[in-house]
Student: 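One structure is given below, represented as structure tokens, and several questions about it will come after.
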Number of protein chains: 2
Amino acid sequence: MFMNFENTLSFLLAKVTVAHRNTLQKSVNESGLHSGQVFVMFELWKSDGQRQIDLALRLGLSPPTVNKILGGLLENDFVTRAKYEDDARSTRIFLTPKGKAIRGQLELQWIKLEEQTVSALTDTEALMLKQLLAKLLERPELV
Amino acid sequence: MFMNFENTLSFLLAKVTVAHRNTLQKSVNESGLHSGQVFVMFELWKSDGQRQIDLALRLGLSPPTVNKILGGLLENDFVTRAKYEDDARSTRIFLTPKGKAIRGQLELQWIKLEEQTVSALTDTEALMLKQLLAKLLERPELV
DNA sequence: AAGCTACCATTAGCCGGCTAATAATCAAAA
DNA sequence: TTTTGATTATTAGCCGGCTAATGGTAGCTT
């Protein structure tokens, strides 16, 4: 009479969420970073000196979440805050030398993580999965 | 010189899962439940009176996580705890009438959520995505 | 110039994950 | 029988998400 809960896409996504976050956590904590911090660092490596609100928008996270993550990065001296001269409301986030230096290591760890994840699939499957996930992300309100 | 971070499977999975959890949260909070509680309830509907450790194993969650989620369900009178006669260590979790009554509503909401999610894809794509996610989940240590 | 509105950062507080550490119990081995 | 080890639940404390509410600033309108 009742549906097959475990076979819904929503269920599978939820399960993958938890599993993937655990794997990500293990993968990056060698570098002294936590899972959420990695995404902020990648964004800063692309463009240093962003405002918090822009980081939030590009990462698809709420401003308080970004603020909290930055707190940890500041404590560990990966980034610094600096007031933006033209606008006293916003602060700009800059990479420290330590934050810049860690990039290579993190990229290698990310590549290893990617190889691990992809190893469960064939090349075709991996490509297809990426395309399907990207298609879901095009509708942020639906995922 | 550096990799295309946004095009890795690991990145896409991380993004999709955050987005999906937000959608799930909105979907189920009409019923008075939170996102994590839903999975425990579905598990109890399948088999009432389980021990916490068995819930944790079947859900793929840590025992403290299940314990915390059950705290909320107990407070809101969706479940009750009862000692297992043969073993003083474990407790068994039972659905209350309120917990049993909410099943139909939750199932409908889940179906709506599923339709929403799947609507971004064709039938073939949705089926394929489910199969690929399921394949990833077969290797819990890799996702 | 004054005031309204929009924007940015921040705080507080919640839920959902986790690990590590405790306490109690059970079971098996010595 | 005692002791040792495994199991179960629980607590504490962390990170990563979120919403709601504050306070300060900018900017536009009047």
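Chain letters run A, B, ... following the sequence lines, proteins first, then strands; residues in each count from 1.
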Student: For B/S31 and B/I102, which heavy atoms make the closest approach, and how far apart are they?
Tutor: O-CD1, 3.4 Å
Student: Look for any protein N or O under 3.5 Å of an N or O in nucleotides 2-7 of chain C and output each such pair with its distance, or none.
Tutor:
residue, atom, partner, partner atom, Å
C/dC7, O2, A/R89, NH1, 3.4

Student: Please find the pair of heavy atoms, one from A/L12 and one from B/K130, that lie closest to each other, and give the distance.
Tutor: CD1-O, 3.6 Å
Student: Can you pull the side chain to side chain donor-acceptor pair (under 3.5 Å) pairs that have at least one residue in residues 61-80 of chain A, sequence neighbours excluded?
Tutor: A/S62-A/T65
Student: Grab the CG-P distance between A/L70 and C/dT10 for me, whole Å please.
Tutor: 8 Å
Student: Cut-off 3.5 Å, no hydrogens considered: what does the side-chain donor-acceptor table look like for residues 32-45 of chain A, sequence neighbours left out?
Tutor:
residue, atom, partner, partner atom, Å
A/S35, OG, A/Q25, OE1, 3.3
A/Q37, OE1, A/H34, N, 2.9
A/E43, OE2, A/Q50, NE2, 3.3
A/E43, OE2, A/R58, NH1, 3.4
A/W45, NE1, A/G99, O, 3.1

Student: Specify the residue among B/A88 and A/T91 whose closest nucleotide of DNA chain C lies further upstream toward the 5′ end.
Tutor: A/T91
Student: Can you build the contact string for nucleotides 11-20 of chain D? Use B for base contact, S for sugar-phosphate-only contact, and - for no protein heavy atom under 4.0 Å.
Tutor: B-B-SBBBBB
Student: Does A/L74 have any side chain to side chain contact (heavy atoms under 4.5 Å, CB included) partners at least two apart in sequence or in another chain, and if so, which?
Tutor: A/V79, A/R81
Student: Tell me whether A/F94 shares a hydrophobic cluster with A/L106, the cluster being built from Ile, Leu, Val, Met, Phe, Trp, Tyr side chains joined at under 4.5 Å.
Tutor: no
Student: Find the distance between CG (A/L132) and CE (A/M128) and round it off to the nearest 0.5 Å.
Tutor: 7.5 Å
Student: Please report the closest heavy-atom contact between A/T117 and B/S10, naming both atoms and the distance.
Tutor: OG1-OG, 3.6 Å
Student: Give the rounded distance in Å between these two atoms: NZ of B/K83 and P of D/dA9.
Tutor: 8 Å
Student: What I'd like to find out is whether the side chain of B/L133 reaches to under 4.5 Å of the side chain of A/L9, using heavy atoms alone.
Tutor: yes
Student: Do you know which two heavy atoms are closest between A/R89 and A/K83, and how far apart they sit?
Tutor: O-NZ, 3.9 Å
Student: Students often get this wrong, so: under 4.0 angstrom with heavy atoms, is A/R81 touching a base, only sugar-phosphate, or nothing?
Tutor: sugar-phosphate
Student: Would you sketch DNA chain C in dot-bracket for me? Only Watson-Crick or G-U wobble pairs with both distances under 3.5 Å count, crossing pairs as [ ], other-strand pairs as |, the rest as dots.
Tutor: ||||||||||||||||||||||||||||||
